[in-house]
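Residue numbering restarts at 1 for every chain, and letters A, B, ... go by the order of the sequence lines.
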There are 2 protein chains.
Amino acid sequence: MAQNREKLEAAAQEMVQHKGMSGLSFRTLAAEVGIKSSSVHYHFPEKSDLGSALIQRYSSEFFAQLDVIAGRDDTLNAKIKSFIDIFEEVGRQNKLCLCGMMAAEYEQLSSSNRQLLCDYFDNTEKWLIKQLEAHKEDYESTSNRKVIARMIMSSLEGALLLDRIQGGARHIGAQRGVINQIVFGR
Amino acid sequence: MAQNREKLEAAAQEMVQHKGMSGLSFRTLAAEVGIKSSSVHYHFPEKSDLGSALIQRYSSEFFAQLDVIAGRDDTLNAKIKSFIDIFEEVGRQNKLCLCGMMAAEYEQLSSSNRQLLCDYFDNTEKWLIKQLEAHKEDYESTSNRKVIARMIMSSLEGALLLDRIQGGARHIGAQRGVINQIVFGR
DNA sequence: GTCTATAGGCAGATAGAC
DNA sequence: GTCTATCTGCCTATAGAC
């Protein structure tokens, strides 16, 4: 079935968001989907091919969500809230952002996967800057937009990391307050 | 030599801050120090024993630095700057915080190592709260101190994660500005 | 596309000599 | 404390049948 490729990607994404690429084996992935590990190699010849597929899959789903948010007739405040909500939902499932997890495994990645990972963060930063620019009237920060975009993204990645080990959403909550305070001058 | 234990811990810490626990093997660690892997097992029977030793070693070094900072006759501003400097130096070496790295590998850790990791973050949070309380006169934030402490820590962990993949210290820099703005009302 | 079978390597861990 | 030697198991990856 050609739809096993989709099942493999979905299962692999879930596993990587929990245990990382190095915590995922072709055998356990195959078992999860109900096929053999050699069949996984049919779809993804090398593990790095699976890695590429996962980053691309995660990115395209993520940016699709951002497109929806950007397209809404909403305030900047509501858009940023929706952005943070995406991360909060990931944390609620005791997962990390797939790209955040792979960022921790950066030294193990192939150079093309490193590039895909950088693109994910660059494009997220660009999206944030664009929203901040599109709502000049609401933007109250004295800092420039690049700095704000970077702080939002790294805050949320760090918050996911720490919330998972302590349970709950305390760090995400703290960052939510701070981001509002910085962007809107409270 | 009893000092091989120290060499092993130092080499292992370095490797884990780059590649994580799962990227470290007894064989490569042994080779780094110039002994055999079976000799590593003499010092650390299981890999989780090495993990415990590393978290404890990293924590005690870290909190020793915090003790020095707390003991200085400095402003809150200077203390927070020194705190951030510790993280910036880690990033300058293209490493992650050891505990941040192991937080990403949380699901692979033994339960006692999970506890040690939690302690590291709890105690850091407590230290930050204590400093904020000790300098009531400088503290300008409307948020409560727990929230501020959490946001500082998760901001810096996330900044290290993202700065490493892009090179430079842009995220740490962005967080430095934001932390000042939040704590001191700029 | 999926299977069985297997190669070849590296992992953590142990036994026992020195 | 460190060594050699080895066990057992898992890993990625491939060959070839169906």
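- The aromatic rings of B:Tyr120 and B:Phe62 lie tilted to each other, with the angle between the two planes from 30° to 60°.
- Contact check of residues 14-27 of chain B against DNA chain C (heavy atom, cut-off under 4.0 Å) returns B:Leu24, B:Ser25, B:Phe26, B:Arg27.
- One can place NE2 of A:His41 at 7 Å from P of D:dT12, the figure rounded to the nearest angstrom.
- A heavy atom lying under 4.0 Å from DNA chain D marks the following residues of residues 33-40 of chain B, by number: B:Ile35, B:Lys36, B:Ser38, B:Ser39.
- For A:His43 and C:dT2, the shortest distance from a side-chain N or O to OP1 or OP2 is below 4.0 Å.
- Distance A:Leu50 CG to D:dT12 P: 10 Å, rounded to the nearest Å.
- A donor-acceptor contact shorter than 3.5 Å links the side chain of A:Asp163 to the backbone of A:Ile172.
- Partners of A:Met15 under the side-chain contact (heavy atoms from CB on, under 4.5 Å) rule, at least two apart in sequence or in another chain, are A:Leu24, A:Thr28, A:Leu29.
- Between the side chains of A:Glu9 and A:Gln13, no donor-acceptor pair is found at a separation under 3.5 Å.
- Following rounding to the nearest Å, B:Lys47 (NZ) and C:dC10 (P) show an atom-to-atom distance of 15 Å.
- Look at CZ on A:Phe44: it is 11 Å from P on C:dT2, rounded to the nearest Å.
- Considering only side-chain N and O atoms, A:Asn4 lies nowhere under 4.0 angstrom from the phosphate OP1 or OP2 of C:dG1.
- In this entry the distance linking OH of A:Tyr42 with P of C:dT2 reads 8 Å, nearest Å.
- The separation between A:Leu8 atom CG and C:dT2 atom C1' is 12 Å, rounded to whole Å.
- By the 4.0 Å N-to-carboxylate-O rule, A:Arg176 lies close enough to A:Asp85 to be salt-bridged with it.
- Among residue pairs with one or both ends in residues 16-38 of chain B, those qualifying as ring-ring contact (aromatic ring centres under 6.0 Å, His included) are B:Phe26-B:His41; sequence neighbours excluded.
- Taking B:Gln115 as the reference, B:Cys118, B:Asp119 meet the side-chain contact (heavy atoms from CB on, under 4.5 Å) condition, with sequence neighbours excluded.
- Listed by chain and number, the residues in a side-chain contact (heavy atoms from CB on, under 4.5 Å) with B:Lys79 are B:Ile69, B:Asp74, B:Gln131, B:His135 (sequence neighbours excluded).
- The distance from atom CZ of B:Arg5 to atom P of D:dT2 is 12 Å, rounded to the nearest whole Å.
- Within the cation-pi definition used here (under 6.0 Å to the ring centroid, within 45° of the axis), A:Arg164 does not qualify as a partner of B:Tyr106.
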